[in-house]
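Let me begin by presenting the structure, written as structure tokens, before commenting on it.
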Amino acid sequence: YVTASVVYPLFFVQSECPYEGCEVRDFRIAVTVCSILGTLAYGAEVALCRARPGQIVVGYMATVPGLLKVVQGFVSCIIFGALANGSQFSRYAATIYCVVIYASCFALTALVVILTVCKRTKNVRCMPFDRFVVVCTFMEVLLYLSASVVWPVFCFDTKYGSPWRPSSCPQGKCPWDSKVVVAVFSCVNFGLYLADLLYSQRIRFGSSRVPTNSRV
């Protein structure tokens, strides 16, 4: 809904009346307003339903890290869409490396979500599931950190690309735009993974301080 609330007015809502008439513009404005209201409603539902410190956690997906996993997967899908939209990522080995990072991190995130939803967390026998999630998140933070540095260098440095949109490249149909989208959302996902790691560590350390002889 956040995506629709941003993309729809950018492409379809204009200040002047289109050739169909002002009634069409008014309907499009109404659709945008309803989309924003839907975003607020869903956001309020998430805020009310998520687990809070001190509450009994029913499942991992009810915690903040669980919700962040969903957002990380969503942002990865936006990155994949930009990569497929003529981003020219195959020009350099470094940008191919970034694409491998995006795919690997998305696969790890999807694996954690699937194991949790299917209640197969005990299938991870090498270590406790909460430690497995922390280790995966730590690896994803490091990988996204490298991608957030490597991708802009090989796309916008004057040696490899262009820091500005080429004059012969129309807006919205230019590989440069897709590169910008990938760069921006790489930084966004890096921040999400970092917040996930910090909050996951907080949950683990917080739970480890609970006395073992406490009575319910």
Side-chain angles (χ1 to χ4, degrees), residues 1-3 6 39-40 42-83 94 97-153 180-212 214:
Y1 258 88
V2 170
T3 307
V6 174
T39 302
L40 296 176
Y42 278 114
E45 182 180 359
V46 172
L48 293 174
C49 294
R50 73 176 180 85
R52 293 173 175 79
Q55 292 182 341
I56 299 176
V57 179
V58 178
Y60 174 77
M61 297 307 298
T63 63
V64 171
L67 296 175
L68 287 174
K69 285 286 186 290
V70 177
V71 180
Q72 291 158 7
F74 176 74
V75 173
S76 297
C77 291
I78 296 178
I79 293 176
F80 294 145
L83 288 172
Y97 162 78
C98 293
V99 175
V100 172
I101 286 178
Y102 301 141
S104 301
C105 292
F106 176 77
L108 281 175
T109 301
L111 176 63
V112 172
V113 173
I114 291 172
L115 289 176
T116 305
V117 172
C118 297
K119 298 181 180 180
R120 300 291 184 179
T121 55
K122 294 183 179 179
N123 289 356
V124 183
R125 300 179 181 179
C126 56
M127 64 182 71
F129 182 73
D130 58 343
R131 187 178 300 175
F132 170 76
V133 172
V134 171
V135 170
C136 289
T137 307
F138 179 71
M139 293 174 55
E140 291 162 339
V141 167
L142 294 180
L143 291 173
Y144 256 96
L145 176 61
S146 64
S148 300
V149 174
V150 171
W151 180 270
V153 169
V180 171
V181 172
V182 173
V184 171
F185 282 98
S186 294
C187 296
V188 170
N189 237 3
F190 168 70
L192 291 173
Y193 278 111
L194 183 60
D196 187 1
L197 177 64
L198 296 176
Y199 209 96
S200 298
Q201 284 290 86
R202 176 184 173 187
I203 291 178
R204 287 192 67 243
F205 291 150
S207 60
S208 63
R209 296 192 189 102
V210 178
T212 55
S214 60

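Scope of the values below: all heavy atoms of this structure, side chains included, with no hydrogens, waters or symmetry mates. Since the structure is predicted, the reported quantities are computational estimates derived from the model, not experimental observations.
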Passing option when T137 is tested against L68, L197, L194 for side-chain contact (heavy atoms from CB on, under 4.5 Å): L197
Measure the spacing between CG of L145 and OG of S186 and express it to the nearest 0.5 Å. 11.5 Å
Among all residues two or more places apart in sequence or in another chain, which pass the side-chain contact (heavy atoms from CB on, under 4.5 Å) test with V2? T39
Could you list the residues that satisfy side-chain hydrogen bond (donor to acceptor under 3.5 Å, both in side chains) with Y1, not counting sequence neighbours? none
Check: residues 72-81 side-chain donor-acceptor pairs under 3.5 Å, at least two apart:
{"residue": "Q72", "atom": "NE2", "partner": "L192", "partner atom": "O", "Å": "3.4"}
{"residue": "Q72", "atom": "NE2", "partner": "D196", "partner atom": "OD2", "Å": "3.3"}
{"residue": "S76", "atom": "OG", "partner": "Q72", "partner atom": "O", "Å": "2.9"}
{"residue": "S76", "atom": "OG", "partner": "N189", "partner atom": "ND2", "Å": "3.2"}

Residues in side-chain contact (heavy atoms from CB on, under 4.5 Å) contact with V117, at least two apart in sequence or another chain: M61, V113
Steps toward side-chain contact (heavy atoms from CB on, under 4.5 Å) verdict (T116, K69): CA-CA 11 Å; T116 305; K69 285 286 186 290; over 6 Å; no
Tell me, please, which residues at least two apart from A183 pass side-chain contact (heavy atoms from CB on, under 4.5 Å). W151, P152, F156
Which atom pairs, one a donor and one an acceptor, fall under 3.5 Å between side chains of residues 104-112 and the rest of the protein, sequence neighbours left out?
{"residue": "S104", "atom": "OG", "partner": "V100", "partner atom": "O", "Å": "2.8"}
{"residue": "T109", "atom": "OG1", "partner": "C105", "partner atom": "O", "Å": "2.9"}
{"residue": "T109", "atom": "OG1", "partner": "E140", "partner atom": "OE2", "Å": "3.4"}
{"residue": "T109", "atom": "OG1", "partner": "Y193", "partner atom": "OH", "Å": "2.7"}

Begin with the C-alpha distance, continue with both residues' side-chain angles, and end with the deciding distance and a verdict on side-chain contact (heavy atoms from CB on, under 4.5 Å) for L142 and S146. CA-CA 6 Å; L142 294 180; S146 64; over 6 Å; no
